[in-house]
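One structure is given here, and the rest of the page talks about it.
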Amino acid sequence: MSLGADVGVTGFGNAVDRLEETGVDSLWLPELVYSAAVDPLIGMTHALARTRRLKVGTGVSVLPGRNPVLVAKQLATLAGLAPKRVLPVFGLQSASPAERELFDVPRGRRGDVFDESLSLIRLLLSEDEVSFEGEFFSVDKVSLSDRPAKPLDLWLGGSAPGALRRVGCLADGWLGSFLTPEQAGRAVVAIREAAADAGREIEADHYGLSLAVAPGGIPDNLAAVSRRRAPDTDPADLVAGSWADARRLLEGFLEGGLTKFVLRPAGPVPAEEFLAHFLELADALQN
């Protein structure tokens, strides 16, 4: 699950402890710079250090605008300190227009920078020695001595046709958002086709979706965001306005071939209350 944008430094540690105690599989930290949410990488480090079982991922961190060598080093270090519990997910750009200027890349080249960055990160996390000469980055005979024995799975977000092709060609998994069950099912098909065209295969349980849940009804601002992103789609098919709606949508996503879900709170709901209903829903779906 995700703690959303409202749980900041003050409540973060206690929330992490409760997730560990209750057996939640994973915590996902969004990159929301201009919010109370903790920085995802620092939050991952803190959460991994105070738990022994909980997996922690980014959901979703912007990659273009960061140096991929430093990103690879950070991931390798985290994976070494907390084996099998680091879940990186990268995206093309911030969902918030106000934050996009923070991740500066040459104009019109964001996709190209993304592809090159991801390729270099994968090499650094899987090869003993890497020499790479790209358009934006280059390294000569470098190695990460602390890289994990089994390379990390690198997941991507995004739902545009180009993003889905990128997942199929370059990634190990997909975490979508703001999609109806039908749209998500079509995205899974598109990713599988792109992977097959590239001579690759993505594991069947590596398709996921981040779902906003507003137990008190969809807030007006979130409904407006939904309409901007998908003008022809009912916001109730993109955001769960109740826990019953969350179950309805999740069942539709399961039918579409998705198996991993990140539920995040939307609207005024205490974290402890959200967690309790989250656990109830997880039990109901498993049974």
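Reckoned from all heavy atoms, side chains included, excluding hydrogens, waters and symmetry mates.
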Under the criterion side-chain contact (heavy atoms from CB on, under 4.5 Å), I'd like the reasoning laid out for Val24 against Leu279: C-alpha separation, chi angles, the key distance, then a yes or no.
CA-CA 8 Å; Val24 171; Leu279 293 171; 3.8 Å; yes

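- Using modelled atom types, no side-chain atom of Ser177 and backbone atom of Ser210 make a donor-acceptor pair closer than 3.5 Å.
- Few gaps surround CD on Glu21; more than 12 heavy atoms of other groups in view lie less than 6.0 Å from it.
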Start with the C-alpha gap between Trp243 and Leu263, add the side-chain angles, then the distance that decides, and say whether side-chain contact (heavy atoms from CB on, under 4.5 Å) holds.
CA-CA 11 Å; Trp243 286 104; Leu263 271 60; 3.8 Å; yes

Is there a side-chain contact (heavy atoms from CB on, under 4.5 Å) between Asp115 and Leu170? Walk through the geometry before answering.
CA-CA 8 Å; Asp115 292 349; Leu170 298 175; 3.7 Å; yes

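- Remark: Arg109 is not positioned above the aromatic ring of Phe114, lacking an NZ or CZ atom under 6.0 angstrom from the ring centre and at most 45 degrees off the axis.
- Within the structure, side-chain hydrogen bond (donor to acceptor under 3.5 Å, both in side chains) pairs that include any residue of residues 78-97 comprise Thr51-Arg85, Ser94-Glu99 (at least two apart or interchain).
- Checked against the 6.0 Å centroid criterion, the rings of His206 and Trp155 qualify as a close aromatic pair.
- Val60 and Leu32 are not part of a single hydrophobic cluster, where members link through side-chain heavy atoms under 4.5 Å apart.
- Checked for salt-bridge contact, Asp234 and Arg227 miss the test: no charged N lies under 4.0 Å from a carboxylate O.
- Of the inter-residue distances, the one linking Leu250 atom CG with Leu281 atom CG reads 5.5 Å to the nearest 0.5 angstrom.
- Rounding to the nearest 0.5 Å gives a distance of 4.5 Å between CG of Asp25 and NZ of Lys55.
- Side-chain contact between Leu63 and Ile121 is present, with heavy atoms from C-beta onward closer than 4.5 Å.
- Formation of a donor-acceptor pair under 3.5 Å by the Gln74 side chain with backbone atoms of Leu41 is not found in this model.
- A salt bridge is defined here as a Lys NZ or Arg NE, NH1 or NH2 lying under 4.0 Å from an Asp or Glu carboxylate O, and Glu251 with Arg247 meets this definition.
- Salt bridge present: Glu31 and Arg66 bring a charged side-chain N and a carboxylate O closer than 4.0 Å.
- Looking at Arg200, its side chain does come within 3.5 Å of a backbone N or O of Ala171 through a donor-acceptor pair.
- Proximity of a side-chain donor or acceptor of Arg52 to a complementary backbone N or O of Glu20 within less than 3.5 Å is not detected.
- When side chains are defined from C-beta on, Ile202 does not count as touching Asp172, because their heavy atoms never get closer than 4.5 Å.
- Taking the side chain as every heavy atom from C-beta outward, Ser61 and Val89 never approach each other to under 4.5 Å.
- Between the side chain of Thr259 and the main chain of Asp205, a donor-acceptor pair closer than 3.5 Å is present.
- Side chains of Asp146 and Thr77 form a contact here, defined as non-hydrogen atoms less than 4.5 Å apart.
- Taken together through direct or relayed side-chain contacts under 4.5 Å among Ile, Leu, Val, Met, Phe, Trp and Tyr, Met44 and Val62 form parts of separate hydrophobic clusters.
- Taken from CZ in Phe253 to CG in Leu285, the straight-line distance is 12.0 Å, to the nearest 0.5 Å.
- More than 12 heavy atoms of other residues, nucleotides or ligands shown are found within 6.0 angstrom of CG on Asp39.
- Between the Trp28 side chain and the Leu87 main chain, no donor and acceptor come within less than 3.5 Å of each other.
- With hydrogens and angles disregarded, a donor-acceptor distance shorter than 3.5 Å links the side chain of Ser35 to the backbone of Ala37.
- Comment: Lys141 does not engage Asp128 in a salt bridge, judged by the lack of any side-chain N to carboxylate O separation of less than 4.0 angstrom.
- Both Leu156 and Val71 are members of a single hydrophobic cluster when ILVMFWY side chains are connected at heavy-atom separations under 4.5 Å.
- Within a 6.0 Å radius of CZ in Arg229, other residues, nucleotides and ligands contribute more than 12 heavy atoms.
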Assess the residue pair Ser117 and Phe137 against the criterion (side-chain contact (heavy atoms from CB on, under 4.5 Å)); give the C-alpha distance rounded to whole Å, side-chain angles, the decisive distance to 0.1 Å, and a yes or no.
CA-CA 8 Å; Ser117 297; Phe137 308 100; 3.3 Å; yes

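- Residues Pro64 and Phe103 are not in side-chain contact: their nearest non-hydrogen atoms beyond the backbone lie 4.5 Å or more apart.
- Residue pairs meeting the salt bridge (charged side-chain N to carboxylate O under 4.0 Å, His left out) criterion with at least one member in residues 262-276, sequence neighbours excluded: Arg18-Glu272.
- Side-chain contact between Tyr34 and Leu102: present, with at least one pair of heavy atoms (C-beta onward) separated by less than 4.5 Å.
- Contact annotation: the side chain of Leu175 never approaches that of Lys260 to less than 4.5 Å [non-hydrogen atoms, C-beta and beyond].
- Distance alone, capped at 3.5 Å, is enough to place a donor-acceptor pair between the Ser226 side chain and the Leu222 backbone.
- Contact of the Phe12 side chain with the Leu29 side chain is registered, since non-hydrogen atoms from C-beta on lie closer than 4.5 Å.
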